[in-house]
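Since we're looking at a predicted model, the values are computed, not measured. Hydrogens, waters and symmetry mates are skipped; everything else that's a heavy atom, side chains included, is used.
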Amino acid sequence: MPAKNADGPADGAAPSKSEQTRALILQTAMRLFEERGYDKTTMRAIAKEAGVSVGNAYYYFEGKEHLIQGFYDRIAAEHQAAVREVLARETDLEARLAGVLKAWLDIAMPYHQFAVQFFKNAADPDSPLSPFSPESEHAREEAISVHREVLRGATRTKVPEDLREALPELMWLSQMGLVLYWIFDRTEGRRRSYRLAERGARLTARGVALARFRVMRPLVREVHELFTDFLPGMAKGGAAPEGVNDDMR
């Protein structure tokens, strides 16, 4: 059975028939989700519109939630490719981060209406569509890895060794704030989202620069611990059950 998060073909290789079918089902699902809404679109309707059997649709995706995970993975892969140029060109942290955030907005632009449609499902903390869910881990880690690379290549910014793991996760969380704003942004061309990306990158770069001072490091670690303790999916090895060791946090 095909891997659910399988990447596309290697560079220069023609996609196989299986990869073409998988991409067709995913593309069809995205269109129907946008046209009819996520809740009203069935796997049977997706299969019919894509011209494949229902069984074939389930062969590639176990359900609608897995289609969304396929979408997340595709966006993550496209973003990884899109940031190559800016990361190769820029060494300034603010410029690198602004380029990465604006590249995400460029890629996501065609899916804005779709994002609005399924946001209420993704906002449910118990939903596998949540960006913090275990099902979203692959796409989430891919996104965080971009921010690790942003920091590594910022040659003029010294990142304390003990914060090198925490900062990329905090930067990704700030990107999630941008995504939330983008969903509700109704300005032409989502221009306010682009402005927010630029100003957010500037603020983040200043914050990272301050983190090199020893007096600031405990604060950064405490903020990171706050998120990992209370956001589902962020804690390594899974969150502690509610009420367990709360008096020790």
Side-chain angles (χ1 to χ4, degrees), residues 26-27 29-39 41 65 67-87 90 93-125 127-133 135-150 167-208 227 231-234:
L26 181 57
Q27 182 177 357
M30 296 305 105
R31 177 169 57 81
L32 292 184
F33 289 157
E34 183 172 345
E35 292 174 358
R36 306 178 185 182
Y38 177 79
D39 291 331
T41 302
E65 295 87 353
L67 278 160
I68 299 299
Q69 297 307 324
F71 170 70
Y72 286 167
D73 288 335
R74 186 172 75 179
I75 288 288
E78 290 180 4
H79 190 220
Q80 286 267 6
V83 300
R84 291 302 102 205
E85 182 180 349
V86 68
L87 293 182
E90 303 289 353
L93 178 57
E94 181 182 335
R96 287 169 72 81
L97 183 54
V100 161
L101 295 177
K102 289 191 284 187
W104 189 92
L105 292 173
D106 290 343
I107 290 168
M109 184 70 74
Y111 307 108
H112 186 265
Q113 191 56 44
F114 162 66
V116 173
Q117 288 286 336
F118 87 93
F119 171 71
K120 61 184 174 64
N121 299 91
D124 181 352
S127 170
L129 307 187
S130 166
F132 302 102
S133 71
E135 291 85 352
S136 301
E137 182 178 6
H138 180 266
R140 183 169 62 247
E141 283 302 315
E142 287 292 294
I144 292 172
S145 73
V146 170
H147 290 288
R148 291 194 185 102
E149 191 169 353
V150 167
L167 285 173
E169 291 186 348
L170 291 174
M171 291 162 67
W172 174 76
L173 286 167
S174 71
Q175 180 180 329
M176 289 299 96
L178 172 64
V179 171
L180 180 60
Y181 184 85
W182 169 78
I183 288 173
F184 292 98
D185 186 1
R186 293 295 183 271
T187 57
E188 185 178 356
R190 317 302 165 208
R191 63 179 182 273
R192 289 186 64 85
S193 294
Y194 283 90
R195 286 173 56 195
L196 179 59
E198 292 175 349
R199 295 181 66 176
R202 186 179 310 127
L203 183 62
T204 299
R206 290 175 180 174
V208 173
F227 283 119
L231 279 180
M234 290 298 293

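- The shortest heavy-atom contact between S127 and S133 is O-CB, 3.6 Å.
- Residue E35 qualifies as enclosed at atom CD: its count of foreign heavy atoms under 6.0 Å is above 12.
- Going from atom CD of Q175 over to atom CH2 of W182 covers 11.5 Å, rounded to the nearest 0.5 Å.
- For E142, the side chain to side chain donor-acceptor pair (under 3.5 Å) partners two or more places apart in sequence, or in a different chain, are Q80.
- I107 and P110 make their closest contact through O-CD, 3.2 Å (heavy atoms, listed as atom of the first residue, atom of the second, distance).
- In this structure, the separation between NE2 on H147 and OG on S174 is 6.0 Å, given to the nearest 0.5 Å.
- In this structure, CZ in R199 is found 9.0 Å from CZ in R192, a value given to the nearest 0.5 Å.
- When atom types are taken as modelled, the side chain of R190 and the backbone of D185 share a donor-acceptor pair closer than 3.5 angstrom.
- Of all non-hydrogen atoms in M109 and G189, the two that sit nearest each other are CE-O, 3.4 Å.
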Would you check, one step at a time, whether the test ring-ring contact (aromatic ring centres under 6.0 Å, His included) holds for F71 with F33?
CA-CA 12 Å; F71 170 70; F33 289 157; 9.1 Å; no
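- When each of L129, L32, L67 is paired with Y38, the side chain to side chain contact (heavy atoms under 4.5 Å, CB included) condition holds for L129 and for no other.
- At least one donor-acceptor pair closer than 3.5 Å links the side chain of R140 to the backbone N or O of P131.
- With R206 contributing its side chain and E94 its backbone, the two residues share no donor-acceptor pair below 3.5 Å.
- A pairwise comparison of heavy atoms in A201 and A98 identifies CB-N, 3.5 Å as the closest pair.
- Other residues, nucleotides and ligands place more than 12 heavy atoms under 6.0 Å from the CD atom of Q113.
- Across all their heavy atoms, I183 and V116 have their closest contact at O-CG2, 3.5 Å.
- Judged as a salt bridge (charged side-chain N to carboxylate O under 4.0 Å, His left out), the pairs with a partner in residues 99-113 (not counting sequence neighbours) are, in order, K102-E198.
- At a threshold of 4.5 Å between non-hydrogen side-chain atoms, the residues V83 and W104 do not count as touching.
- The local environment of CZ in R195 is sparse, with at most 12 non-hydrogen atoms from other residues, nucleotides or ligands closer than 6.0 Å.
- None of E137, H138, E135 except one satisfies the side chain to side chain contact (heavy atoms under 4.5 Å, CB included) rule with Q69; the exception is E135.
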Any chance you could lay out the side chain to side chain contact (heavy atoms under 4.5 Å, CB included) test for V86 and R96, step after step, and finish with the verdict?
CA-CA 6 Å; V86 68; R96 287 169 72 81; 5.8 Å; no
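- Within the model, atoms OG of S130 and CD1 of I68 stand 12.5 Å from one another, a figure rounded to the nearest 0.5 Å.
- Atom OG1 of residue T41 and atom CD of residue E34 lie 11.0 Å apart, to the nearest 0.5 angstrom.
- Shown here for L105 and A197, the closest heavy-atom pair between the two residues is CD1-CB, 4.2 Å.
- Between F132 and W172, the gap from one ring centroid to the other is short of 6.0 Å.
- Side-chain contact between R74 and E78 is present, with heavy atoms from C-beta onward closer than 4.5 Å.
- Judged purely by atom type and a 3.5 angstrom limit, H79 has no side-chain atom pairing as donor or acceptor with the backbone of A108.
- Here the straight-line distance linking atom CD1 of I144 with atom CG of L167 works out to 12.5 Å at 0.5 Å rounding.
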